[in-house]
Amino acid sequence: MSFPLLTATAVLPAVGAVATAAVPAARRTVAKWLALLVSLATLALAIVVMVRFDPGGARYQLTESHAWISDFGVRYELGVDGIAVALLALTALLMPFIILAGWNDADPLETGSKRWRPTQGFFALILAVEAMVIISFEATDVFLFYIFFEAMLIPMYFLIGGFGDRAHAQGEEAASTQRSYAAVKFLLYNLVGGLIMLAAVIGLYTVSGNFSLAEIAQARANGTLHMATSTERWLFLGFFFAFAVKAPLWPLHTWLPNAMQESTAPVAVLITAVVDKVGTFAMLRFCLQLFPEASKWATPTILVLALISIIYGALLAVGQRDIKRLVAYASISHFGFIILGIFAMTSQGQSGATLYMVNHGISTAALMLVAGFLISRRGSRLIADYGGVQKVAPVLAGTFLIGGLATLSLPGLAPFVSEFLVLVGTFTRYPAIGIIATFGIVLAALYTLVLYQRTMTGPVKPAVSAMPDLKARELVVVAPLIVLLIFLGVYPKPVTDIVNPAVKQTMSDVHKTDPKPAVEAAK
């Protein structure tokens, strides 16, 4: 039997999580280095997956299939297509930077504090989330996917509620209360979505007799599995609701600003750059593949919701006073673009949406992690507490600017290519929606440049006059992300070559082809 490469990519961080948690309490530094080494080893395995994946080969590659709960048709089945490979690589890539950025975030608080921050637990939970996200991208058994789709909520709950941001103006007790509120809200929203999805998973098994994604899709394609129109629509809604909560899509988004505001910056990146991608990925893998007709039926409504997310998220970002909440609402707007591209039902839109997932992960990580370094120096998340930072910490200000420009999709940086593809793909089939969505770009420029102006330019405020610039560890975190933003902005071909064949297969699942240009050929 060949080496189970996909299993190894998920098992390694899971074993690393257990080992990190088992490190003695007095050996915090050992736990940090162990977590970092495990994340780097996982990245190495993800690179091997990318190298071994053949974009022109079978749809699902490096497959593994073993009997698990035979009486109920549940199997341990893994396989990756181009979309999963791209997101697997993104997850593995970001984890070492998340761990390095949070190097000191879980150290014990000052003497006399009522709360102990267990360093080992913090890094163990991060590795546990990585393992669960990776196997969610790899699972081709619906029940197996569901288990880890829900299980990742547990470590995320403790990361949000137990390891919050130290920059809180209302004192430790008030901060603890707000963290608990954000964690419970995150858990309840996602649990409700998961329970509705569980009902749909059971309904799918009742109709099809198994949980294998490939077998169900094949049976639907060759006509041996028939679903009544109403049944397919209800099952689609059950799956889509859970994914829309995770994504998040308006009006199911309200947990995200609270969760990101109360989390440390690395955990905020983990939420929006990694965990939330499972929701948009699952829309492509499960909603469109399992329920093609229902997906087309729901498309007009979903496009309107995505459009509202784009404009609503951007408008609220403009008015934010808290840096983290601003990035959270900006992410809601960006997820609107991703979902818009998925349900535009064009190859450009879906390729752009997949590329957007990758680029958004990198750009948000760059911006949020630099913002975290900024906040840790000043001890405040409020925009009004800053001013003139570029005069005392020019490297910090410069990296913050590049992260912000990537967020507004400046040409030459990675998000521009993906956003352009989404808008082109949308406009070719739904021109009115495509035109309205472009206003999100204008608003993105507004909230990003205003944020930079208010924090980095102008007179130097006394509280930031002695602010140190980025240190070596922080530069190691930020510099590679900046390089990637520029590289993928100029040359996105390595990613598009991987995802485009999978997008074509998804388009085939829903029996859609790209609209022909409505322009007469020149005579």
Side-chain angles (χ1 to χ4, degrees), residues 5-23 27-51 80 84-107 118-138 148 151-152 154-156 158-159 163 263-278 357-358 361-362 364-366 368-370 372-373 472-484:
L5 183 57
L6 297 186
T7 294
T9 59
V11 168
L12 180 58
V15 172
V18 175
T20 301
V23 173
R27 309 296 296 273
R28 294 193 307 274
T29 303
V30 173
K32 296 175 184 179
W33 280 105
L34 178 59
L36 179 60
L37 291 174
V38 169
S39 67
L40 290 171
T42 305
L43 175 58
L45 286 178
I47 293 172
V48 175
V49 171
M50 291 185 67
V51 171
V80 288
V85 168
L87 294 176
L88 170 62
L90 171 70
T91 302
L93 172 70
L94 291 180
M95 284 300 168
F97 300 122
I98 289 172
I99 290 171
L100 271 175
W103 200 252
N104 301 318
D105 285 355
D107 287 347
T119 304
Q120 289 84 340
F122 178 75
F123 292 103
L125 289 170
I126 289 176
L127 291 176
V129 172
E130 179 180 20
M132 294 175 184
V133 169
I134 286 174
I135 205 166
S136 296
F137 291 141
E138 298 172 344
F148 289 98
M152 71 180 71
I154 299 171
M156 286 306 309
F158 288 108
L159 283 170
F163 300 92
S263 299
T264 64
V267 173
V269 171
L270 189 63
I271 294 169
T272 190
V274 177
V275 172
D276 287 353
K277 298 300 188 301
V278 178
M357 292 185 223
V358 175
I362 299 171
T364 297
M368 178 57 82
L369 293 179
V370 177
F373 299 148
R473 172 180 60 85
E474 296 166 335
L475 283 171
V476 170
V477 171
V478 177
L481 297 174
I482 299 298
V483 170
L484 276 173

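Computed from heavy atoms alone, side chains included, the values below leave out hydrogens, waters and symmetry copies.
Taking all atoms of both residues into account, the shortest heavy-atom contact from F122 to G102 is CE2-O, 3.8 Å. Of all non-hydrogen atoms in P13 and A8, the two that sit nearest each other are CD-O, 4.4 Å. Minimum interatomic distance between T42 and A92 (heavy atoms only, all atoms of both residues): O-CB, 4.2 Å. In plain terms, the two heavy atoms of A31 and T20 that are nearest each other are O-CG2, 3.8 Å. Looking at every heavy atom in both residues, A89 comes nearest to A46 through CA-CB, 4.5 Å. The shortest non-hydrogen separation linking E138 to V80 is CG-CG1, 4.0 Å.
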*Intermediate values then yes/no, side chain to side chain contact (heavy atoms under 4.5 Å, CB included), L90 and M357*: CA-CA 9 Å; L90 171 70; M357 292 185 223; 5.6 Å; no

*Kindly indicate, with the supporting measurements, whether the criterion side chain to side chain contact (heavy atoms under 4.5 Å, CB included) is fulfilled by F123 and T119.*
CA-CA 7 Å; F123 292 103; T119 304; 3.6 Å; yes

_One pair to check against side chain to side chain contact (heavy atoms under 4.5 Å, CB included): L369 and E474. What are the steps and the verdict?_
CA-CA 9 Å; L369 293 179; E474 296 166 335; over 6 Å; no

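Considering only heavy atoms from C-beta on, V267 stays 4.5 Å or farther from D105 through its side chain. The closest side-chain heavy-atom distance from V48 to T9 is not below 4.5 Å. With contacts defined as side-chain heavy-atom distances shorter than 4.5 Å, the pair M152/V278 qualifies. Residues V274 and V269 form no side-chain contact, since every pair of their non-hydrogen atoms from C-beta on lies 4.5 Å or further apart. Side chains of L270 and M95 form a contact here, defined as non-hydrogen atoms less than 4.5 Å apart. Proximity of L481 to L94: side-chain heavy atoms (C-beta onward) are separated by under 4.5 Å at one or more points. At least one side-chain heavy atom of M156 sits less than 4.5 Å from a side-chain heavy atom of I271. Inter-residue side-chain proximity for P266 and F97 is flagged as unmet; no heavy-atom pair is nearer than 4.5 Å.
In this structure, T364 contributes its side chain and G361 its backbone to no donor-acceptor pair below 3.5 Å. A donor-acceptor contact shorter than 3.5 Å links the side chain of K277 to the backbone of T272.
To the nearest 0.5 angstrom, L475 atom CG is 10.5 Å from I482 atom CD1. A distance of 6.0 Å separates CG of L93 from CD1 of I362, quoted to the nearest 0.5 Å. From W103, atom CH2 reaches atom CG of L100 across 6.0 Å, with rounding to the nearest 0.5 Å. Of the inter-residue distances, the one linking I135 atom CD1 with L88 atom CG reads 11.5 Å to the nearest 0.5 angstrom. F373 contributes atom CZ, which lies 12.0 Å from atom CE of M368 (distance to the nearest 0.5 angstrom). In this structure, CG in L12 is found 11.0 Å from CG in L43, a value given to the nearest 0.5 Å.
The 12-atom threshold is exceeded at CZ of R473, counting heavy atoms of other residues, nucleotides or ligands nearer than 6.0 Å.
Of the N and O atoms on the side chains of T91 and E130, not one donor lies less than 3.5 Å from an acceptor on the other residue.
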